[in-house]
Amino acid sequence: MNDKQIIRWLGMICILAGIARIGMTPTSMIWGTDSPQELTFGFIACILMSVGTIVTYLVQARETGVTGFVATLAIIIANIVTTAMVWTPFVMGAGAPMPEGIVVDISRAVMMVGLMGGSLVFAILSFKARVFPRWVPALLVLMLLNLFLPIADNQFFAAFWGLAYVGMGYCIWAGKLNSPAARQAGSVTA
């Protein structure tokens with residue numbers, strides 16, 4: 001497998017991660033927030049996002065530079081921390097209270113700063129880089145704006161987050177990128 005095929009398959013991982021993240025919204029509406037069904041989708045999405053997010057930087061590395069790498073790394077670290085936090089209810093048992101303390105507080109801070117800050121910077125850099133179609137960074141911004149909607153438990157946040165990943169993954173997998181180097185990386189057939 002060469003570099004172009006790896007990039008393309010990492011794009012597919014982004015698509016799968018997005019679909020898993022989108023699955024959190026209907027499961028939280030049906031079975032409730034933090035239900036085992038919702039957390040299962042979230043856990044799968046976190047693992048896939050932790051692996052696949054790097055490709056969103058690789059296809060536009062030249063255009064986004066070190067700042068793009070730092071933003072992507074912040075998103076990856078936030079996903080890894082989120083994976084640990086989502087795993088906790090499985091270990092503790094359904095209905096058990098979430099652990100408290102300094103480690104949990106630091107984990108939440110890392111998760112929020114990494115995800116929100118990293119996604120905002122990544123969206124701005126992606127918009128300026130023009131590698132992804134304009135609607136991809138717009139989906140990332142919609143994801144962040146969704147946090148301010150007066151909806152209980154921000155149930156639609158996961159859907160917008162997943163949609164952004166499906167969009168990025170699709171563009172990479174299908175070779176719908178605007179940069180010559182990125183188009184070449186995404187245009188390899190399996």
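The structure presented is a predicted model; accordingly, all values stated were derived computationally and were not measured.
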Given the rule that I, L, V, M, F, W and Y join up when any side-chain heavy atoms are under 4.5 Å apart, are [X] and [Y] in one cluster?
X    : Y    : value
F122 : F127 : no
V131 : I54  : yes
V136 : L145 : no
I102 : M85  : yes
I124 : V113 : no

About how many Å separate [atom2] of [Y] and [atom1] of [X], when rounded to the nearest 0.5 Å?
X    : Y    : atom1 : atom2 : value
W135 : L163 : CH2   : CG    : 8.0 Å
L10  : D3   : CG    : CG    : 10.5 Å
K128 : T64  : NZ    : OG1   : 11.5 Å
L140 : M168 : CG    : CE    : 5.0 Å
L39  : T88  : CG    : OG1   : 10.0 Å
M49  : T82  : CE    : OG1   : 9.5 Å

If we check side chain to side chain contact (heavy atoms under 4.5 Å, CB included) with K4, which of these qualifies: I6, I7, N2?
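The passing option is N2.
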What pairs with [X] under ring pair (Phe, Tyr, Trp, His ring centres under 6.0 Å), at least two apart in sequence or on another chain?
X    : value
Y170 : none
F157 : W161
W87  : F43, F90

Looking at every heavy atom in both [X] and [Y], which two are closest together, and how far apart are they?
X    : Y    : value
F160 : M143 : CB-CA, 3.8 Å
V110 : V81  : CG1-CG2, 3.9 Å
A71  : V121 : CB-CG1, 3.8 Å
A123 : V141 : CB-CG2, 4.1 Å

Just to verify, what does S126 make a side-chain hydrogen bond (donor to acceptor under 3.5 Å, both in side chains) with, not counting sequence neighbours?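 So S126 forms a side-chain hydrogen bond (donor to acceptor under 3.5 Å, both in side chains) with Q60.
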Indicate every side-chain donor-acceptor pair of residues 72-80 with a distance under 3.5 Å to a residue at least two apart or in another chain.
residue	atom	partner	partner atom	Å
T72	OG1	G68	O	2.8
N79	ND2	I75	O	3.2

Quiz item: Does one side chain, of Y165 or T56, offer a donor that lies under 3.5 Å from an acceptor on the other?
Solution: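 No, no side-chain donor-acceptor contact under 3.5 Å.
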Could you walk me through whether N178 and F132 satisfy the side-chain contact (heavy atoms from CB on, under 4.5 Å) test, starting with their C-alpha distance in whole Å, then the side-chain angles of each, then the deciding distance to 0.1 Å, before giving a yes or no? CA-CA 6 Å; N178 297 322; F132 286 106; over 6 Å; no
Indicate every side-chain donor-acceptor pair of residues 12-27 with a distance under 3.5 Å to a residue at least two apart or in another chain.
residue	atom	partner	partner atom	Å
T25	OG1	Q155	O	2.8
T25	OG1	A159	N	3.1
T27	OG1	G23	O	2.8
T27	OG1	M24	O	3.0

